[in-house]
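Protein chains get the first letters and strands the later ones, always in sequence-line order, with residue 1 at the start of each. Here the structure is a predicted model, which is why all the values come from computation and not from measurement.
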Number of protein chains: 2
Amino acid sequence: MSQHRHPGAPGSAGAVPALPDLPEATVARLPEYLRALHNLADAGHETVSSEGLAAAAGVNSAKLRKDLSHLGSYGTRGVGYDVALLIEQIESVLGLTQRRAVALVGVGNLGHALAGYDGFASRGFRIAALFDADPARVGEEINGLVVQHVDELPRVAAEESIAIGVIATPAAAAQPVADQLVAVGVTSILNFAPCVLSVPEGVDVRKVDLAIELQILSFHEHRKASLTALPATGGSALTALPGGLAANDSQEAIGT
Amino acid sequence: MSQHRHPGAPGSAGAVPALPDLPEATVARLPEYLRALHNLADAGHETVSSEGLAAAAGVNSAKLRKDLSHLGSYGTRGVGYDVALLIEQIESVLGLTQRRAVALVGVGNLGHALAGYDGFASRGFRIAALFDADPARVGEEINGLVVQHVDELPRVAAEESIAIGVIATPAAAAQPVADQLVAVGVTSILNFAPCVLSVPEGVDVRKVDLAIELQILSFHEHRKASLTALPATGGSALTALPGGLAANDSQEAIGT
DNA sequence: CGCGATTTGTGCACCTCTTCACAAGCGCCT
DNA sequence: AGGCGCTTGTGAAGAGGTGCACAAATCGCG
């Protein structure tokens, strides 16, 4: 994904809540905890144990405790974590206290859906501008926003203080678009195009490739099929799939 | 544990002999290699070095070589890898020799886009059926497929030999849908709903949460901003941040 | 006021993944 | 034939992540 090296010594803790360099794996899980916490808060819970939160987030409880300990979170032994406080802490660490402006480039099939995805707005982001290179698409209004030509990017980026760029163009157009985003100062890019982006140091790129996810699933499907075909010494026939779920297979692990 | 095996005829991929248990990290990268290889093949390359392929896939060359060695791949020292052969090998390992049928449940905003996403078809998958629980959406035709009611799932799953289920419903509906998919024998699920799915052992779930990706980017953006705002501690000459970039001086007002 | 029940925070061992560095192998050129 | 340059495949070291198990801390209660 993104290559990170954290130079220097972050030891100096001023009056500012020092931003500890969290393990990347922890950072990737914090949003999941946050979502679970919001659910718990909506359900009226004021505190939650690591066990309960871990279950809601689908992780191991020890892992969760270690993750939270990394950001110096305050739980209470014998009680658990204060839900509201923990939400505040995680949102602060993730930088969600300010609503970041997102520019979406490429309003095709997928981009159209992303533009209308309300999950962004509800979780701290504001889609501030839509762009496309196709003049036929410029001017179209989606969700209250008018699609602009990608050449307008420099002006709009400055006006709207774009913090994150989302690329939903065809693969061939992705690299030029990324270059343009970088040129106007965007240092975080979410790329849906199936290609590798080359960006200067200091720019973070995360990639989401829907077909890759399916291919990974395909591998496991393939493997499972070849396992049932193999002479598994267990003996019990795994024929009936819907009815009996043979919990005998302890080797199945869903890794992510 | 025996992972070095010589298949008889690499040219014909009939019944796959033995599936070596690849590291999960390797499996996740194989699709990326595959995409890069297809690009290279289209560009007319017949062979490629690990260095070249690694660059095209955006990874370290040593990592790539180790990944390929895991699946017993045949490169030629001094020359590189045969592009066509490698494509065949990877597709065989990923189980892409057969085109798998995918059922998509939830034809809302995102699901609509997924139904029309041609990246699935071009990479070995066939969207075989669309479902929704909303009667108002049933009957709609998308990309040549008619949306059916989710209650039709058992019948259609059997008819179409559904191998993979994609959930693009709201979070509240995701778990029941997953249960239904599992009940009809689906053992691989790609979940776009922002929630944790609980499935029996032996069922693989992969999750894609678009907002989480943005939140991870937000964290890095937040960190970068707080780093530039901090006065550089003396002596650290290696903090060579990109010089050519316009420094985005958005000062984070970190509350006390 | 002390005790037991409960839950956090963490040291430690294990495991997976990454990266370096280099020997072995291959083709080409002289 | 022999040497030379290039590339693969891999051993080994290191880095990072995971999960167990337990001490420390806190609350409620008798």
Side-chain angles (χ1 to χ4, degrees), chain A residues 1-7 20-30 32-33 37 40 45-83 85-86 89-90 216 220 250-256, chain B residues 1-6 10 20-30 32-33 37 40 45-83 85-86 89-90 216:
Chain A
M1 305 282 177
S2 47
Q3 58 284 6
H4 287 291
R5 199 58 230 127
H6 197 237
D21 48 348
L22 306 173
E24 192 59 32
T26 295
V27 174
R29 281 188 294 266
L30 287 183
E32 196 71 45
Y33 302 156
L37 284 166
L40 287 167
H45 292 71
E46 296 207 345
T47 65
V48 64
S49 70
S50 67
E51 202 74 45
L53 182 53
V59 300
N60 182 299
S61 69
K63 195 189 296 185
L64 180 134
R65 287 198 298 275
K66 188 154 290 186
D67 283 341
L68 295 186
S69 79
H70 279 132
L71 46 92
S73 163
Y74 297 86
T76 310
R77 291 158 130 104
V79 176
Y81 298 91
D82 183 290
V83 172
L85 178 63
L86 200 47
Q89 288 243 351
I90 294 180
I216 295 172
H220 290 298
S250 65
Q251 216 177 7
E252 274 295 337
I254 307 170
T256 302
Chain B
M1 293 305 179
S2 64
Q3 45 188 356
H4 207 168
R5 175 177 291 211
H6 279 238
D21 48 344
L22 306 172
E24 193 57 33
T26 295
V27 174
R29 281 188 294 265
L30 287 182
E32 195 71 45
Y33 302 157
L37 283 167
L40 289 167
H45 292 72
E46 297 206 346
T47 65
V48 64
S49 69
S50 67
E51 203 73 45
L53 182 53
V59 300
N60 183 300
S61 70
K63 194 188 296 186
L64 180 134
R65 286 199 299 276
K66 185 148 289 188
D67 282 342
L68 294 187
S69 79
H70 278 133
L71 46 92
S73 162
Y74 297 84
T76 310
R77 292 167 194 243
V79 176
Y81 298 91
D82 183 291
V83 171
L85 177 63
L86 200 48
Q89 287 244 351
I90 294 180
I216 295 172

Spatial distance of atom CG (A/L53) from atom OH (A/Y33) [nearest 0.5 Å]: 7.5 Å
Can you tell which of C/dT18, C/dG27, D/dT8 lies closest to the side chain of B/R29? C/dT18
Closest non-hydrogen atom pair between A/H70 and A/P23, with its separation: CE1-CG, 3.8 Å
Rounded off to whole Å, could you give me the CG-to-P distance for the A/D21 and D/dA15 pair? 15 Å
Flag the pair B/E32 / B/V59 as yes when at least one side-chain heavy-atom distance between them is below 4.5 Å, and no otherwise. no
Enumerate the protein-to-nucleotides 21-23 of chain D contacts in which both atoms are nitrogen or oxygen and the separation is below 3.5 Å.
from: D/dA21; atom 1: N6; to: A/R65; atom 2: NH2; distance (Å): 3.3

Protein-nucleotide distance (B/L68, atom CG; D/dT8, atom P), rounded to Å: 9 Å
Can you tell me if the side-chain N/O atoms of B/Y74 get under 4.0 Å from OP1 or OP2 in C/dG25? no
Does a side-chain N or O from A/T76 land closer than 4.0 Å to OP1 or OP2 of D/dT26, or not? no
Return the value, rounded to whole Å, for the distance between atom CG of A/L86 and atom P of C/dT7. 16 Å
Distance check needed: D/dA13 C1' versus B/K63 NZ, whole Å only. 17 Å
Given atom CG of B/D82 and atom P of C/dC26, what is their separation to the nearest angstrom? 15 Å
For a quick test of reading the model, state the closest non-hydrogen atom pair linking B/L37 to B/V83 and the distance between them. O-CG1, 3.7 Å
Could a donor-acceptor pair under 3.5 angstrom be found where the side chain of B/K66 meets the base of D/dT10? no
Could you tell me the separation between the CG atom of B/L64 and the P atom of C/dT18, rounded to a whole number of Å? 12 Å
For the residue pair B/I216 and A/E24, establish whether any side-chain heavy-atom pair is separated by less than 4.5 Å. yes
Could you give the CG-to-C1' distance, from A/N60 to C/dT8, as a whole number of Å? 14 Å
In the structure I gave you, are the side-chain heavy atoms of B/T47 and B/T76 within less than 4.5 Å of one another anywhere? no
If you define the side chain from C-beta out and look only at heavy atoms, does anything of B/L86 sit under 4.5 Å from B/D82? no
Nearest-nucleotide pick for A/S49, side chain only, options being C/dT18, C/dT8, D/dG17: C/dT8
Rounded to whole Å, NE2 of A/H70 lies from P of C/dG9 at a distance of 12 Å
